[in-house]
Amino acid sequence: MTIVTRFPPSPTGFMHIGTARTGLFNWLYAKHHKGKMRFRIEDTDRARHSEAAVDAIINGLKWLEIDWDGEIISQYACGPRHTEIAHELVKRGEAYYCYCSPEELEVMRESAKTEGRLSFYDRRWRDSKATPPAGVKPVIRIKAPLSGEVIVNDKVQGEVKLNAEQLDDFIILRSDGVPTYMLAVVVDDHDMGVTHVIRGDDHFNNTFRQNIIYKAMNWTIPVYAHLPLILGPDGAKLSKRHGATSVEEYRDMGYLPEAMRNYLLRLCWSHGDDEIISTEQAIEWFDFDGIGKSPARFDFDKLNFINAHYMKLADNKRLVDLSMNILKLSGHPYSPNTEKYLLSAMDELKTRAKNLAALIEDARIYWITGEISMDEKALANYDEAGKAIVKKIAEALKTLTSFDVATIETTCKSIAESEGVKLGKVMMPLRAALTGSTSSPSLFHAIEILGQEEVLKRIQN
RNA sequence: GCACCCAUCGUCUAGCCCGGCCUAGGACACUGCCUUUUCACGGCGGUAACUGGGGUUCGAAUCCCCAUGGGUGUACCA
């Protein structure tokens, strides 16, 4: 039997980090078992629907380099089939029409609340022979079991039992004829041949309800795996106030997709002491037994560490291209030679930064143009004595006939010696003059990369 | 409120299912030293946890119960 998982996001306008994690796990599980992952857009909410929102999800997935099998299915487009099944269920005696008004339901809901019951609908139309009220469009409700225990077998959570009293005869077809989510998911998953449902734990309670539909249709219940949720650093639901929550934000900060995958994988899943896990290894190792049961907090520090690791491994040209995008995104004016400089300096730059936005910041010496504005610390280094030293360096550099790292270094060191100061006393003013800051990559390298003419011009300014 | 789930360093986790090998391991973060033209990187160290209380047992992080804390769900949303 081929294993079929699914990725069913609802188009909200961006791709949440939790959605990405679920997608990754579905993808890894399918890959591990040489199965397939289907892609379905849960676009039944027409009010919120937009093509741009769908694109955001697709782009997010593509950026993460997660692929899927077959066409993208629109849940909305499957509406007629959902309706058909709803009526089929009525025909089979597994569902029925309910003519309750919103007011009636509100009364039931209130009394359920005061009595501390979870289910509230009193099933008054379940086996009613009464004449339906005129002019009322009914909903269709499923017949939930009246007593006993309902059991969900979950690959992560284990066997979970629920008393049938907790279950309502929930609505599967609204009065306007639009199917509900509960019905649509089951029908789509069945029609798409989904064998394994891997999703967030927030869906767990739905599972009991969805199984009622599976049973009523006599369909095979899929294997379930409910993943613990990803929380914010403070343990509360991950939201915007914690910082970036969408994958595109991480992309734009210059995180690498392979790093994102590795980090997300390690939330709620482990393989012994392994931390750095390539996608190939992940596919080989991924299975349900490595998934933990408790929710995990999103930790930006660890993501940074993982990203820094993958940046060191990444191809220089690729990093230059990505950095240029980020530089453009930042809106800073930059030197026309930036790309060339970055390529020469990338070996060093990529070992220093946690992400590409930080890399660009660190690499300012390679892109700044015009007058350099110094920060406070730089200014302190660029005092009268500093200025004098920088002037001396400029004069010395001017006379060099060979402009390489070794010669530049020797030149600077001999100036320090003749001045009777430590090398730092020479380099810091120069750094201030060249970068406007007190931290930068190795100046010897940078000076070589920029070239004699450019460096002298900058010192002049 | 009710229902379900979870509970090891600040964080991610190993160990738990099949009690002794656990004076609880790894990683991030933090921190000390080394390296160093700055800031980083890197190398070598350090601090730091079994939520509490009852059982069961010769023995419990590991099994059971209760408490507490946290999460999720409770729609004619998805």
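Labels below follow one simple rule: chain letters A, B, ... track the order of the sequence lines, proteins then strands, and each chain is numbered from 1. No experiment lies behind these values; they were computed from the predicted model shown.
Partner assigned to B/U57 is none, using Watson-Crick or G-U wobble distances below 3.5 angstrom. Nucleotide B/G32 forms a Watson-Crick or G-U wobble pair with B/C44, both donor-acceptor distances falling under 3.5 Å. Remark: B/A24 base-pairs with no nucleotide; criterion is Watson-Crick or G-U wobble with both hydrogen-bond distances under 3.5 Å. In this entry B/C17 has no Watson-Crick or G-U wobble partner, no candidate having both defining distances under 3.5 Å. Pairing of B/G52, defined by two Watson-Crick or G-U wobble distances under 3.5 Å, is identified with B/C66. Pair assignment for B/U72: B/A3, on the basis of Watson-Crick or G-U wobble contacts that are both within less than 3.5 Å.
At a threshold of 4.0 Å, the pair A/E384-A/K387 counts as salt-bridged, since one of the basic side-chain nitrogens sits closer than that to a carboxylate oxygen.
For the C1' atom pair drawn from B/G46 and B/C4, the interatomic distance equals 43 Å after rounding to whole Å. Rounded to the nearest Å, the gap between the C1' atom of B/A7 and that of B/G15 is 15 Å. Look at the C1' atom in both B/A40 and B/G26: the space between them is 25 Å, to the nearest Å. Nucleotides B/U56 and B/U11 are separated by 34 Å at their C1' atoms, to the nearest Å. One P atom belongs to B/U23, the other to B/C28, and the distance between them is 25 Å to the nearest Å. Distance noted for atom C1' between B/U13 and B/A61: 14 Å (whole Å). Only the C1' atoms considered, B/G20 is 7 Å distant from B/G59, to the nearest whole Å. Rounded to whole Å, the separation between the C1' atoms of B/C58 and B/C66 comes to 26 Å.
Between B/G42, B/A78, B/G73, one nucleotide has an atom nearer to the side chain of A/K312 than all others, and that is B/G42. With distances taken from any side-chain atom of A/T44 to the nucleotides B/G26, B/C28, B/A78, the minimum falls on B/A78. Checking B/C41, B/G26, B/U38 against the side-chain heavy atoms of A/T351 singles out B/C41 as nearest. If you check B/A14, B/A78, B/A27 against the side chain of A/S270, the one that comes closest is B/A14. Closest contact between the side chain of A/F120 and the listed nucleotides B/A78, B/A75, B/U72 involves B/A75. Proximity note for A/R266 (side chain, C-beta onward) versus B/C76, B/G26, B/U72: the nearest is B/G26. The side chain of A/K302 sits closest to B/C12 out of B/C12, B/U37, B/A78. Looking at the side chain of A/L267, the nearest of the listed nucleotides B/A3, B/A78, B/C12 is B/C12. Each of B/G26, B/C12, B/U37 was ranked by its minimum atom distance to the side chain of A/A296; first place goes to B/C12. Comparing B/C4, B/U72, B/G26 by their nearest atom to the side chain of A/V160 picks out B/C4.
When the nearest nucleotides of RNA chain B are assigned to A/Y181 and A/F208 by heavy-atom distance, the more 5′-ward of the two goes with A/F208. Closest-nucleotide positions on RNA chain B for A/G290 and A/N163 were compared, and the one nearer the 5' end corresponds to A/N163.
Between the side chain of A/D202 and the base of B/G73 there is no donor-acceptor pair of N/O atoms closer than 3.5 Å. For B/U37, the base has a donor-acceptor partner in the side chain of A/S442 [N/O atoms by modelled type, under 3.5 angstrom]. Residue-to-nucleotide contacts include a donor-acceptor pair under 3.5 Å from the side chain of A/S175 to the base of B/C76.
A/W125 has its ring centre less than 6.0 Å from the ring centre of A/Y99. Ring centers of A/F288 and A/Y29: under 6.0 Å apart, within the cut-off. Checked against a 6.0 Å centroid threshold, the rings of A/F25 and A/F286 count as neighbours.
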Side-chain polar contacts of residues 133-143 of chain A - donor-acceptor pairs under 3.5 angstrom, sequence neighbours left out - could you list them?
| residue | atom | partner | partner atom | Å |
| --- | --- | --- | --- | --- |
| A/R141 | NH1 | A/D169 | O | 2.7 |
| A/K143 | NZ | A/G93 | O | 3.1 |

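Note on A/K425: nothing from the nucleic acid sits closer than 4.0 angstrom, heavy atoms only. Residue contacts shown for A/S10 are limited to sugar-phosphate atoms, with no base heavy atom under 4.0 Å away. Here A/N381 lies out of heavy-atom contact (under 4.0 Å) with every strand. Backbone-only engagement by A/Q166 is indicated by non-hydrogen atom pairs under 4.0 Å involving sugar-phosphate atoms exclusively. Contacts of A/I171 with the nucleic acid, taken as non-hydrogen atoms under 4.0 Å apart, include base atoms. Using a 4.0 Å heavy-atom criterion, one finds that A/F298 contacts no nucleic acid atom at all. Here A/C100 lies in heavy-atom contact (under 4.0 Å) with a base. Counting non-hydrogen atoms under 4.0 angstrom, A/C268 reaches the backbone sugars and phosphates but no base. Within the nucleic acid shown, A/P441 comes within 4.0 Å of at least one base atom, counting heavy atoms only.
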Restricting to nitrogen or oxygen on both sides, can you table the protein-nucleotides 21-24 of chain B pairs closer than 3.5 Å?
none

For nucleotides 6-10 of chain B, which of its nitrogen or oxygen atoms have a protein nitrogen or oxygen under 3.5 Å away, and what is each distance?
| residue | atom | partner | partner atom | Å |
| --- | --- | --- | --- | --- |
| B/C6 | OP1 | A/K293 | NZ | 2.5 |

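Side-chain contact check for A/R261 and A/T279: at least one donor-acceptor pair (N or O, by modelled atom type) lies under 3.5 Å. With hydrogens and angles left out, the side-chain atoms of A/N304 and A/Y255 include a donor and acceptor closer than 3.5 Å. In summary, the side chains of A/H82 and A/D188 do present a donor paired with an acceptor at a separation below 3.5 Å, with no hydrogens or angles considered. A/D154 and A/Y224 form no side-chain donor-acceptor contact under 3.5 Å, judged by distance and modelled atom types alone. Between the side chains of A/S442 and A/R352, no donor-acceptor pair is found at a separation under 3.5 Å.
The environment of NE2 in A/H445 is sparse: at most 12 heavy-atom neighbours from other residues, nucleotides or ligands sit within 6.0 Å. Around atom CD of A/E106, more than 12 heavy atoms belonging to other residues, nucleotides or ligands sit under 6.0 Å away.
In textbook terms, a nucleotide whose glycosidic angle is within 90° of 0 is syn, and B/C41 is one such case.
Rounding to whole angstrom units, CG of residue A/N304 and C1' of B/A40 are separated by 13 Å. Distance, A/H271 NE2 to B/G26 P: 19 Å, rounded to whole Å.
Under a 3.5 Å cut-off, the side chain of A/H309 and the backbone N or O of A/F305 do not form any donor-acceptor pair.
Considering only side-chain N and O atoms, A/R109 lies under 4.0 angstrom from the phosphate OP1 or OP2 of B/C76.
In this structure, A/T411 and A/I393 have side chains that are not in contact, with every pair of non-hydrogen atoms separated by 4.5 Å or more.
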